[in-house]
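Remarks on the structure that follows.
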Amino acid sequence: MGSSQSFNLYNKNNNYPFLLSTLLNSFKAYCIDPTPKAYFFLIKNLTQNSNFQDIVHVLNHIELNEKFETPEFMLMYLIRFYGFADRVQDAVDLFYRIPRFRCTPTVCSLNLLISLLCRNRDCLKMVPQILLKSRLMNIRVEESTFRVLIKALCRIKRVDYALRIVNFMIEDGYGLDVKACSLIVSSLCEQIDLSSVEALVVWRDMRKLGFCPDVMDYTNMIKFLVKQGSGKDALNILNQMKENGVKPDIVCYTIVLSGIVAERDHVKLDELFDEMIVFGLVPDVYTYNVYINGLCKQNKIDEAREIVASMEELGSKANVVTYNTLLGAVCSAGDLNKARVLMKEMRLKGIGLNLHTYRIMLDGFIRKGEINEACSLLEEMLEKCFHPRTSTFDDIIFQMCQKGLFTEALVLMKKLVAKSFAPGARAWEALLLNSGPELQYSEATYDSLIIPEITQLSKLTES
DNA sequence: TTAGGGTTAG
């Protein structure tokens with residue numbers, strides 16, 4: 001589109017695109033040569049309008065008709081532009097062509113090109129070739145280049161290769177790249193297939209290479225281990241940290257504590273919490289939430305409530321997570337009265353209920369067969385545009401039908417379908433099974449409610 | 001030296 005437009009604007013005398021000939025003419029009028037800056041202005045204008053064709057003309061012109069050394073940043077600007085416009089081949093071609101603009105390419109262009117190629121799995125294959133060719137172009141590869149590669153390898157989940165590059169760098173006399181090591185640790189959490197054992201090997205190898213992790217590195221490592229369910233390993237890393245004179249902070253402790261809670265090591269939980277206090281760290285709402293969760297897992301709900309009271313006295317306000325934790329415990333203990341009190345408390349404190357609050361409460365009410373409350377909660381939830389689980393609909397409708405609340409169940413069903421929610425087979429089955437003659441609803445109800453409902457549902461499930 | 005990084009949920 002842009003090309004046909006610019007074609008009309010071509011100057012008939014010199015066959016240059018309009019903007020280029022305008023630039024050349026205005027400089028000619030003052031009897032001076034166009035400067036690289038002027039070309040850069042032109043190029044920026046053309047990229048803003050994605051005028052690819054005219055860019056080609058301008059580049060050809062600079063290459064063939066100008067004498068100045070083109071500043072590298074100008075060409076880098078274009079390489080980046082091509083990269084982000086998904087014209088990777090153009091970016092690569094321009095990179096190889098840099099010397100023809102009387103410009104000496106540096107590692108900056110190389111790093112830029114590699115980072116662009118690393119954005120895409122297919123383009124990544126071009127990287128080795130580029131690295132080889134860049135040597136012929138006399139570009140000196142730097143630590144920064146390796147870092148770009150390491151980042152890319154971490155992103156495509158090849159920590160092993162990333163670590164190999166770290167090793168190559170050391171063999172090549174670059175020394176240990178601390179930033180690269182940090183990069184590797186911080187990418188651990190995104191490595192889905194990596195086991196905690198493998199991660200610990202990577203960690204140990206880097207330590208052997210002389211890597212001195214900082215708080216952030218330790219925290220990332222601990223986070224990974226906890227995520228993998230290795231709370232004990234996380235605790236070991238915390239101890240390593242202390243031995244190495246790096247002070248764990250509240251975030252660090254909070255993550256380890258959550259790992260300990262997950263392992264249900266309640267003795268250790270108390271020990272570590274106390275240790276943290278002794279070290280002078282002040283727990284915040286995150287820490288308290290983890291601790292409260294630990295207490296709830298032990299069914300110590302009253303103790304948990306005491307903690308909530310005391311944490312508020314100490315200045316950290318309970319939040320929706322605190323209450324969801326308590327509600328979850330109370331509901332699974334089947335103590336709906338306590339749950340009702342807690343909900344009231346939340347509303348009084350102005351703590352907004354979130355998706356999880358509703359899900360926890362609904363599960364609690366449904367399990368106890370409190371269908372009326374479940375229904376009004378469901379309505380409230382839908383008004384706030386939170387999505388209940390399909391099984392929740394099914395449970396409610398199933399129980400309504402069992403209690404003979406057939407008409408109510410149909411009304412609810414209608415509401416749900418109108419909101420494009422698709423209840424599961426169990427809900428429909430319950431409705432249909434209850435539509436026997438003993439329930440004595442009219443044929444008109446059947447025709448006006450059930451049939452259209454089923455028709456709509458089948459459409460929903462098809463799409 | 002600073003921030004960043006952290007909490008619940010079948």
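Chain naming here is simple, since letters A, B, ... match the order of the sequence lines and numbering starts at 1 in each.
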Can you tell me the distance, in whole Å, between the CG atom of A:Asp214 and the P atom of B:dG4? 15 Å
Would you classify A:Thr325 as touching base, sugar-phosphate or nothing, given that sugar-phosphate means primed atoms plus P, OP1 and OP2, and contacts are heavy atoms under 4.0 Å? sugar-phosphate
Whole-Å distance separating the CG atom of A:Leu281 from the P atom of B:dG5: 19 Å
Which nucleotide in B:dT8, B:dT7, B:dG10 has an atom nearest any side-chain atom of A:Val290: B:dT7
Could you check whether A:Val215 gets within reach of a base, just the sugar-phosphate, or nothing at all, counting any heavy atom under 4.0 Å? base
For A:Leu112 versus A:Met76, what's the shortest heavy-atom pair and its separation? CD2-O, 3.3 Å
Check the distance between B:dG10's P and A:Leu327's CG and give it to me in whole angstrom. 11 Å
Side chains of A:Asp394 and A:Ser391 only: does a donor on one sit below 3.5 Å from an acceptor on the other? no
Look at the side chain of A:Thr254 and decide which nucleotide, out of B:dG6, B:dT7, B:dT8, has an atom nearest to it. B:dG6
Any side-chain donor paired with an acceptor under 3.5 Å for A:Asp205 and A:Asn167? no
With no angle test and no hydrogens, is the base of B:dG6 tied to the side chain of A:Thr287 by a donor-acceptor pair under 3.5 Å? yes
Do A:Asp93 and A:Tyr82 have side-chain atoms, one donor and one acceptor, less than 3.5 Å apart? no
B:dG5 base / A:Asp249 side chain donor-acceptor hit below 3.5 Å: yes
A:His356 side-chain proximity, nearest of B:dG10, B:dA9, B:dT7: B:dA9
Just by distance, no angles: are the side chains of A:Asn289 and A:Asn319 close enough, under 3.5 Å, to form a donor-acceptor pair? yes
Name the nucleic acid region contacted by A:Asn220, choosing base, sugar-phosphate or nothing; use a 4.0 angstrom heavy-atom cut-off, strictly under. nothing
Gap between atoms CD1 and P, on A:Ile250 and B:dG4 respectively (whole Å): 16 Å
In whole Å, I'd like the distance from the OH atom of A:Tyr286 to the C1' atom of B:dG4. 12 Å
Expressed as a whole number of angstroms, how long is the span from A:Asn324:CG to B:dT8:C1'? 6 Å
Whole angstrom is fine here: how far is it from CE in A:Met276 over to C1' in B:dG6? 12 Å
Residue A:Val251, side-chain atoms from C-beta onward, closest of B:dG5, B:dG10, B:dT7: B:dG5
Identify which nucleotide among B:dG5, B:dG6, B:dT8 has an atom closest to any side-chain atom of A:Val321, counting heavy atoms from C-beta outward. B:dT8
Please state how far atom OH in A:Tyr291 lies from atom C1' in B:dT8, giving the value in whole angstrom units. 17 Å
Nearest listed nucleotide, side chain of A:Met216, among B:dT7, B:dG5, B:dT8: B:dG5
